[in-house]
Amino acid sequence: MELDERKKKILQAVIKNYLDTGEPVGSRTISKYGDFNLSPATIRNEMADLEEMGYIFQPHTSAGRIPTDAGYRLYVDDMLAQKSEELNARSESLDRMQDIMDKRVDRIEEVLKDMAKMLANNTNYTSVVSMPSAGRNKLKFVQLTQLDGGKLLCTVILEGNIVKNEMIRVSGSLDQETLLGLNILFNNTLNGLTLSQITFDMAAGMASQVPEKAELITNILNTIVRAIGSEDGIEIFTSGTKNIFKYPELSDKSSASELISTLEEKKLLGNLLVDDIESSGSTTGIQVYIGQETEVNAMKDCSVVTATYEFEEGVFGKIGIIGPKRMDYEKVLDVLKDVTGNLDVKFNHTGPGEE
């Protein structure tokens, strides 16, 4: 059965009414919506066809209809196609967003935490923001600093100005000349390398240059490898978890508990965002996952909308909005387009149209 223009308009009306009310939508409600000029009986027939096609369903006898995941998917795909032809909308929180963007880029964590809060407040959903990750993280700089108490601070700076600090215990103290030599040795050897390019042969080669510090060099190298590898576990910031309880379909005691546990389990969220980056080819754009499309069981009654931002060339992060399947997709898409556009400009120091 073909989905003609009239059926598509009725489906859109069902979805928009359900987004507003959270209640099943009847034919009489639709007959008063927009400029259909159709009788309730005609609309009932069209809705019966839409139900047969799998776009809406009746939750119980004598109730109206609510959208299925397939109905939401058609609605969102049409909206995305329309949005791709429009200029980015300006969200009502643009002034607040600009205040956030004016913060120093070297405080990227604070910028992203504030961004998560702003998104949750603006949308009334739950927001998820990931720190930027290069995927194959390259080492930019190593700084070894002597501390009191037989400790050595190893600061590792990765591509994208991602900083990792690790503490190393040493026997005794290192004189300034030795410390300077080790800093030069590690930076000359490892600068620009990814984790997979750092080998045991390098450790042996560095140790042969300073044989009396061979054990320390191996320890430092292991620490650096651990710091780079830890970036595989993306740091996630969340906000607005309590917004879940605003939506009856998500606030059932067992469902809400499972969903909140998932939001607190950053590894699951990290996996979702990493998979999203990989599936979208690490390019900026918006992805919408409805119900079971997320492959996260606790989110089967949710929609997840994500957008990619670029911190610098080859270094990407993700912003996500999690809410009920009846979320206000249009508003969420507009807000995410604004946010990612501003982040791209801020982090890459370019304005619209600049090369």
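Worth knowing before you read on, the calculation uses all heavy atoms, side chains too, and leaves out hydrogens, waters and symmetry mates.
- Counting only heavy atoms from C-beta outward, the side chains of Thr155 and Phe141 never approach each other to under 4.5 Å.
- Scanning both residues, Thr145 and Gln143, for their nearest heavy atoms gives OG1-CG, 3.7 Å.
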Margin query: side-chain contact (heavy atoms from CB on, under 4.5 Å) for Leu119 and Ser239? Distances and angles first, verdict last.
Written below: CA-CA 8 Å; Leu119 286 169; Ser239 186; over 6 Å; no
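- Going from atom OG1 of Thr308 over to atom CD1 of Ile286 covers 9.0 Å, rounded to the nearest 0.5 Å.
- Side-chain contact between Leu152 and Ile220 is present, with heavy atoms from C-beta onward closer than 4.5 Å.
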Next item on the list: Decide side-chain contact (heavy atoms from CB on, under 4.5 Å) for Leu263 and Ile244; before the verdict, give the C-alpha distance in whole Å, the side-chain angles of both, and the deciding distance to 0.1 Å.
Entry: CA-CA 11 Å; Leu263 292 171; Ile244 290 169; 3.6 Å; yes
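- The two residues Ile236 and Ser130 make their nearest non-hydrogen contact at CD1-CB, 3.7 Å.
- Residues Leu182 and Ile217 are in side-chain contact: their nearest non-hydrogen atoms beyond the backbone lie under 4.5 Å apart.
- Each of Thr189, Val156, Asn191 was evaluated against Leu139; a single residue qualifies, Val156, per the side-chain contact (heavy atoms from CB on, under 4.5 Å) test.
- One distance of note links CD1 of Ile43 with OG1 of Thr29; it measures 9.5 Å at 0.5 Å rounding.
- A distance of 10.5 Å separates NZ in Lys32 from OG in Ser27, rounded to the nearest 0.5 Å.
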Item checked: Worked check of side-chain contact (heavy atoms from CB on, under 4.5 Å) between Met79 and Val288 -> CA-CA 11 Å; Met79 184 182 297; Val288 181; over 6 Å; no
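- Of the inter-residue distances, the one linking Ile290 atom CD1 with Asp69 atom CG reads 6.5 Å to the nearest 0.5 angstrom.
- In this structure, Glu249 and Asp301 have side chains that are not in contact, with every pair of non-hydrogen atoms separated by 4.5 Å or more.
- Of the listed residues (Arg6, Lys7, Arg65), just one forms a salt bridge (charged side-chain N to carboxylate O under 4.0 Å, His left out) with Asp49, and that residue is Lys7.
- Around CD of Gln58, the count of heavy atoms belonging to other residues, nucleotides or ligands within 6.0 Å exceeds 12.
- The closest side-chain heavy-atom distance from Val14 to Leu50 is not below 4.5 Å.
- A salt bridge links Asp77 with Arg73: the distance from a Lys NZ or Arg NE/NH1/NH2 to an Asp or Glu carboxylate oxygen falls below 4.0 Å.
- In this structure, Thr340 and Ala307 approach most closely via the heavy-atom pair CG2-CB, 3.5 Å.
- Looking at Leu112 and Met131, their side chains come closer than 4.5 Å, going by heavy atoms from C-beta outward.
- Between Asp334 and Lys331 there is no salt bridge, since no side-chain nitrogen of the basic residue lies less than 4.0 Å from a carboxylate oxygen of the acidic one.
- Under the 4.5 Å side-chain criterion, counting only non-hydrogen atoms from C-beta, Ile56 is not in contact with Val25.
- The aromatic rings of Tyr247 and Tyr125 sit tilted relative to each other, their planes meeting at an angle between 30° and 60°.
- When the shell of 6.0 Å around CD of Glu212 is examined, it contains more than 12 heavy atoms from other residues, nucleotides or ligands.
- What you find for Cys302 and Leu250 is that their closest heavy atoms are SG-CD2, 3.8 Å.
- At least one side-chain heavy atom of Leu190 sits under 4.5 Å from a side-chain heavy atom of Met202.
- Hydrophobic clustering, with ILVMFWY side chains joined whenever heavy atoms are under 4.5 angstrom apart, groups Tyr72 together with Leu3.
- The shortest heavy-atom contact between Arg326 and Leu19 is O-CD2, 2.7 Å.
- In this structure, CE on Met206 lies 5.5 Å from CG on Leu185, to the nearest 0.5 angstrom.
- Neither Leu180 nor Leu221 shares a network with the other; the hydrophobic side chains, linked directly or stepwise wherever heavy atoms of I, L, V, M, F, W or Y lie under 4.5 Å apart, form separate groups for each.
- Hydrophobic clustering (ILVMFWY, side-chain heavy atoms < 4.5 Å, transitive): Ile157 and Ile184 are in distinct clusters.
- The structure places CD of Glu166 at 9.5 Å from CG of Leu153, a figure rounded to the nearest 0.5 Å.
- Note on Val163: it does not cluster hydrophobically with Phe237, by side-chain heavy-atom contacts below 4.5 Å among ILVMFWY residues.
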Next item on the list: Using the side-chain contact (heavy atoms from CB on, under 4.5 Å) rule, take Cys154 and Val142 through it: C-alpha gap first, then chi angles, then the decisive distance, then the call.
Entry: CA-CA 7 Å; Cys154 179; Val142 175; 4.3 Å; yes
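- At least one donor-acceptor pair under 3.5 Å links the side chain of Asn17 to the backbone N or O of Ala13.
- In terms of hydrophobic clustering, with Ile, Leu, Val, Met, Phe, Trp and Tyr side chains grouped at heavy-atom distances under 4.5 Å, Leu147 and Leu174 are assigned to different clusters.
- In this structure, the side chain of Thr68 engages the main chain of Gly54 through a donor-acceptor pair within 3.5 Å.
- For Ser127 against Lys117, the heavy-atom pair with the smallest separation is OG-N, 4.5 Å.
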